[in-house]
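Quantities reported herein were computed from a predicted structural model and do not represent experimental measurements.
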Amino acid sequence: MEEQSYVLLVKCPDCSGLIYKITASLYEFNLNIISNDEYVAPVSNTFFNRANFTGAFDREKLIASLKNKLSSEAEISLVENKDKEIVVLVTKEHHCLADLLIRNQYNELGAKINAVIGNHETLRPLVEKFDIPYYYIGTKNLNREGHENKVMEVINTYNFDYLILAKYMRILTEHFVDSYTNKIINIHHSFLPAFIGANPYRQAYKRGVKIIGATAHFVTKYLDEGPIIEQGVHRINHQYSVKQMAKAGHDIERDVLSRALKKVFENRVMINDKKTIVF
């Protein structure tokens, strides 16, 4: 049987000897380091480290050892390398959701989809083909906060690591975002920071762009300004209509979201203020 592996993520002010201190703690517990990556952000002078290791250990004692060696400002995360659990939010577009469902069906997602929540019934038949619960929560006679409260009631009945917005065309309130800090991932249909908000393909068409793109990012209270995880582009020309741009964009959106989630689910992404460090 393959030995369980773990990922240790450390973020702290940079100083000499940090790699030695981290690996020394792992050595103390007779743990085997499979890989180790580090990066120092030059402007903030912040040190980031990702160590992948195997072995048996006492979690609390290992973290205590690390805290004893590192500065009081150190942020330490210790997680198992295992499939994540997710809840997916959708509206009407199927392309990103369909890709996630297929990958989930064949254990290629790196996560288990526990439920799908939609603000339309459009995608229910697709989801139920895969025997995954689908919850329709309409917006009629509800303000944004009232609708979100109903969505959160469903979300909170599940264990999950991340919420995935697979073309969920709703602007989230600050309360909702703050309830799931660094746990919401969105796919936006433009190469951010260009064309924030609604109808980016129409915005791009009016500007006569030669490249369209998609961006997967963490969601913050600032619309489409969260830390970027992954991006992709596709070259176009003046002959493309808005509809043709959107069709080409669907392929980019699907692929960018898939690549972003793979990195996140493998614990390779660390947040650095408004940016990400991706190992």
Got a donor-acceptor contact below 3.5 angstrom from the [X] side chain to the [Y] backbone?
X: Thr276; Y: Val278; value: no
X: Asp161; Y: Glu85; value: yes
X: His234; Y: Gly249; value: no
X: Asp58; Y: Glu60; value: yes
X: Asn149; Y: Glu145; value: yes
X: Asn104; Y: Leu100; value: no
X: Ser258; Y: Arg254; value: no
X: Thr91; Y: Met169; value: yes
X: Lys84; Y: Phe265; value: yes
X: Glu148; Y: Thr173; value: yes

Roughly how far, to the nearest 0.5 Å, is OH of Tyr134 from CD1 of Ile117?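 Answer for the CD1-OH pair, Ile117 versus Tyr134, is 9.5 Å.
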
Test side chain to side chain donor-acceptor pair (under 3.5 Å) applied to His189 and Lys167, step by step: CA-CA 9 Å; His189 42 313; Lys167 304 297 293 180; 3.1 Å; yes

Using a strict threshold of under 4.0 Å (side-chain N to carboxylate O), is an ion pair present between Glu266 and Lys262?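 Between Glu266 and Lys262 there is a salt bridge, with a charged N closer than 4.0 Å to a carboxylate O.
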
Qualifying salt bridge (charged side-chain N to carboxylate O under 4.0 Å, His left out) pairs, either residue in residues 95-121, two or more places apart: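 For residues 95-121, and leaving out neighbouring residues, the salt bridge (charged side-chain N to carboxylate O under 4.0 Å, His left out) pairs sorted by first residue read Asp99-Arg103, Glu121-Arg124.
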
As a quick check of understanding, evaluate side chain to side chain contact (heavy atoms under 4.5 Å, CB included) for Leu126 and Leu97, giving each step before the final call. CA-CA 9 Å; Leu126 171 62; Leu97 173 64; 4.1 Å; yes

Sequence neighbours left out, cut at 3.5 Å: what donor-acceptor pairs do the side chains of residues 72-81 make with other protein atoms?
| residue | atom | partner | partner atom | Å |
| --- | --- | --- | --- | --- |
| Asn81 | OD1 | Asn267 | ND2 | 3.3 |
| Asn81 | ND2 | Ser5 | OG | 3.1 |
| Asn81 | ND2 | Asn52 | OD1 | 3.0 |

In the structure I gave you, are the side-chain heavy atoms of [X] and [Y] within less than 4.5 Å of one another anywhere?
X: Leu62; Y: Leu8; result: no
X: Leu261; Y: Ile229; result: no
X: Leu257; Y: Ile164; result: yes

May I ask you to decide if the ring planes of Tyr6 and Phe57 are parallel, tilted or perpendicular, using 30° and 60° as cut-offs?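 Perpendicular: the ring planes of Tyr6 and Phe57 meet at over 60°.
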
Step by step, work out the side chain to side chain contact (heavy atoms under 4.5 Å, CB included) result for Ile171 and Arg144. CA-CA 9 Å; Ile171 297 176; Arg144 188 181 300 172; 4.0 Å; yes

Mind checking whether Met152 and Val90 sit in one hydrophobic cluster, side chains of I, L, V, M, F, W, Y counted as touching below 4.5 Å?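 Each belongs to a different hydrophobic cluster.
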
Passes side chain to side chain donor-acceptor pair (under 3.5 Å), Ser65 versus Lys69? Steps please. CA-CA 7 Å; Ser65 173; Lys69 292 180 175 64; 3.0 Å; yes

